[in-house]
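Have a look at the structure below, then the notes.
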Amino acid sequence: MNLNYTAEELAFRDEVRAFLDEKLPADIAAKVKGFRRLSKEDHQRWQKILSEQGWYATHWPEEYGGVNWTPVQKHIWDEESSRYGAPRSVPFGVNMVAPVIIKFGTEEQKQRYLPRIVSGEDWWCQGYSEPGAGSDLASLKTRAVRDGDHYIVNGQKTWTTLGQHANMIFCLVRTNTEVKAQEGISFLLIDMDTPGITVRPIITLDGEHEVNEVFFEDVKVPVENLVGEEDKGWTYAKYLLTYERTGLAGIGISKAALQHLKELATRRIKNGRPLIEDASFSQRIAQVEIDLMAAAISNLRIIASVEGGGMPGAESSMLKVRGTEIRQTINDLARRAIGPYAIPFVEEEMDLDYDGDFLSDENAAPVTPQYFNNRKLSIFGGSNEIQKNIVSKMILGL
Amino acid sequence: MDFRLNEEQQMLQDTVARLVRGEYSFEKRLEYSESELGFSADFWKQLGELGLTAVPFPEELGGFGGSGVEVQSVMTELGRGLCIEPYLQSVVLGGGLISQAGNSEQQEQWLGGIASGEVRAAVGLQEPQSFYNLNDVETRAEKTGDGYTLNGRKAVVIGGHCADVLVVSARTSGDSRDADGISLFLVSSDDEGLERRTYPTIDGSKGCDLFLNNVKLGPDALLGEEGKAADVIEYQTGRAISALCGEAVGAMEVACDLTLEYLKQRKQFGVPIGKFQVLQHRMVDMMSELEQARSMAILAASVADEPQSDERRRILAAAKNVIGRSGQFISEQGIQSHGGIGMTWEYNFAHYAKRLVMINHQLGDDDFHLEHYASLLQAS
């Protein structure tokens, strides 16, 4: 039993801190810490800095431009970069499609797409969910019919996060309607500039444009854009989802959000005293901090077991549920902390360059939108109910 | 980072597990519980013979020099077996206080016997009005001659009914609830003026309230420095919380196993009830609580023997808060998953449920520790 980092890991942490101290742009960190929106340019600027450092594709094999960090190094990076307010990498290229291409793609696909992900030339989005296929993803209906050297794609994808910025989309499409739902799905890489593709924004309850609908009308996709074998896409999709699930617990982000909450509660006044000294509010904060402490250790236990050669299994699904509930609780407390000022919806104060007077606290404006926005956490990446189904199947044998 | 037990710790835990498997069937436990002693004298003797009651004591005092991790390994298996022997009271708390605060004569007099299991200790630290605040001490110790006279009442002393020696807190100065002015005394079971009202506990063991009526003690009965026991008590209670986390995790593991097994066996509407999603999700919630409790038990063990600090206080309060809540959750949801059978005396799940809920009433419940944690909350 040893809960400490090794000397090498501590040295790595120092290296990470030195890098973040030197290279993380202050304006971007301020946005992340204040829950303000990031532009496409912000993401790309930070990605370029990471790529130059060689720290963008952290878990790819070195031959494809990765650094192959150990699970502990990856964890240290997540913790420190959250603490500093570095943006999380948009995952669809580097963390989602890339592992699938590396494992199942052709040599040509690897040569073509991987370097473009590292350089930032390609911005990927995910074409999984459809209006009629959410938790029951395998019931998806978007059709791809082979026609000579092309597939002709027709259908609709939805909840496409940051699809408005993307030039590439990886899609699950139905290539066979004669077999069981899971056996007729293929994995296609599609250029968003292909004629017949339309992207429409979906505005979420917080007024944000984060997700989109993507329509496909007779879209011609070259057959060399098929990943792996035709009709085997479900296997690749599931492989990708295990990647998606790890890290969804967002322990590092919760730690940063808790810090933000405490600062907010220190500045807010109730009964003439800082809110953080209020008996009932301080206990609410204490309870979520305790739960986060337990989840953080659970996360480390998973990391240590993966480091020791194990596979993340049911525990990461349980932690996704727990971790997202904790993040939502922290957002809930932040909203409570600003009291009646949770009500005004002052969008201009959410911009970093806003130079007018603040209605209340300078960090108040994004708090309520953030709370509503993060209701998504328990829905995406496999809803928390689906996670519980996964655990039941994996370990309970029920 | 490595969260596994090392080879020696694993061997230790396996030893306890084998012993518990051999001696602690559910039926036998009921017999032990209903006996006058309230537990198995024979099992206690075997714990002693195998050196298990010596685990936490320093080697020079006849112990094994074990840390919080070793103590937790023992307690986890005792928890799995739902064992009712007073390990926590005699070894971790009583022996621990003497080991921490006693002078060499006191250590020599008591620790060898406690480490071998031949002497049993218990602790009287709480009082009827004290709730879980161990600084709320109204029992008085008046200086008389070169010794002390004790008057007062100590509440819910688990294992106190059969203890040879009792470590009790009493106030030598200050007002009730002052940290300053609390002292510890060694009281023998046959000291004049000591009365015990003995009772069974809801979770199958035995305890008593102690009534101290002009109990006259010699100067050698003072354990540690006069008036300075609050820190000693707090520190040792921290170790006991870590130990109790181990017991709770062991009991929760079995409670989850039993529930899962039942979901597979019990059929209604023509199928095992585990086919119903609502019960599957409840089961996953129980396992998830267990995972959180395991994590906090590990963290508690890692600080149990560290020097006192706010960080140690925070972690131990957090751990006790988490195991209190998860233990109650698993108990309540487990009974609900079982339905009527979970309500019966003759089925073992109910006894795990009772023990888990009562663990929350030992050494402070989740509300108490939440309040404590909140008082130590760091702004940054």
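Order of the sequence lines fixes the chain letters, A, B, ..., with proteins taken first and strands second; residue numbering starts at 1 for each chain.
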Item checked: Distance-minimising heavy-atom pair for V284(B) and S392(A) -> CG2-OG, 3.6 Å

Notebook entry, point to check: Is a side-chain donor or acceptor of R322(A) paired with a backbone partner of Q292(B) at a separation under 3.5 angstrom?
Noted result: no

Notebook entry, point to check: Can you say whether R294(B) sits under 4.5 Å from chain A via the side chain, the backbone, both, or neither, judging by heavy atoms?
Noted result: both

Checklist line | Heavy-atom check, side chain of V72(A) versus side chain of M1(B), under 4.5 Å | finding: yes

Note to self: Rounded to the nearest 0.5 Å, what separates atom CD in Q287(A) from atom NE2 in H369(B)?
What the structure shows: 12.5 Å

Margin query: For the interface with chain B, which of A314(A), G308(A), S298(A) has the highest count of heavy-atom pairs at distances below 4.5 Å?
Written below: S298(A)

Check: What distance do D367(B) atom CG and Q283(A) atom CD have between them, rounded to the nearest 0.5 Å?
Finding: 7.5 Å

Margin query: I need the M296(B) CE to D291(A) CG distance, nearest 0.5 Å.
Written below: 9.0 Å

Check: How long is the gap from CG on L5(B) to CE on M1(A), to the nearest 0.5 Å?
Finding: 4.5 Å

Check: Looking only at atom types and distance, does a side-chain atom of K264(B) sit under 3.5 Å from a main-chain N or O of L396(A), one as donor and one as acceptor?
Finding: yes

Notebook entry, point to check: How long is the span from the CG atom in L377(B) to the CD1 atom in I290(A), to the nearest 0.5 Å?
Noted result: 9.0 Å

Notebook entry, point to check: Is there side-chain contact between N321(B) and M293(A), with heavy atoms separated by less than 4.5 Å?
Noted result: no

Note to self: Can you tell me which of L300(A), L258(A), I395(A) forms the most heavy-atom pairs within a distance under 4.5 Å of chain B?
What the structure shows: L300(A)

Item checked: Region of Q277(B) in contact with chain A, defined by heavy-atom distances below 4.5 Å -> side chain

Next item on the list: Name the member of V322(B), N6(B), L279(B), D285(B) that forms the most heavy-atom pairs with chain A at distances under 4.5 Å.
Entry: D285(B)

Item checked: Rounded distance [0.5 Å steps], OG in S302(B) versus CD1 in I297(A) -> 7.0 Å

Notebook entry, point to check: If you count the non-hydrogen atoms of other residues, nucleotides and ligands that lie under 6.0 Å from CZ in R17(A), is the total more than 12?
Noted result: yes

Note to self: If I compare all heavy atoms of A286(A) with all of L370(B), which pair ends up nearest, and what's the gap?
What the structure shows: CB-CD1, 3.7 Å

Check: Where on E385(A) is there a heavy atom nearer than 4.5 Å to chain B: the side chain, the backbone, both, or neither?
Finding: both

Notebook entry, point to check: Taking atom CD of E8(B) as the centre, does the number of heavy atoms from other residues, nucleotides or ligands within less than 6.0 Å exceed 12?
Noted result: no

Item checked: R284(A), CZ: over 12 other non-hydrogen atoms inside 6.0 angstrom -> no

Item checked: Under 4.5 Å from a heavy atom of chain A, the part of S288(B) involved -> both

Notebook entry, point to check: Out of R325(B), R314(B), R4(B), M287(B), which one racks up the most heavy-atom pairs below 4.5 Å with chain A?
Noted result: R325(B)

Notebook entry, point to check: For the candidates E289(B), K275(B), M283(B), Q9(B), which exhibits the highest count of non-hydrogen atom pairs separated by less than 4.5 Å from chain A?
Noted result: E289(B)

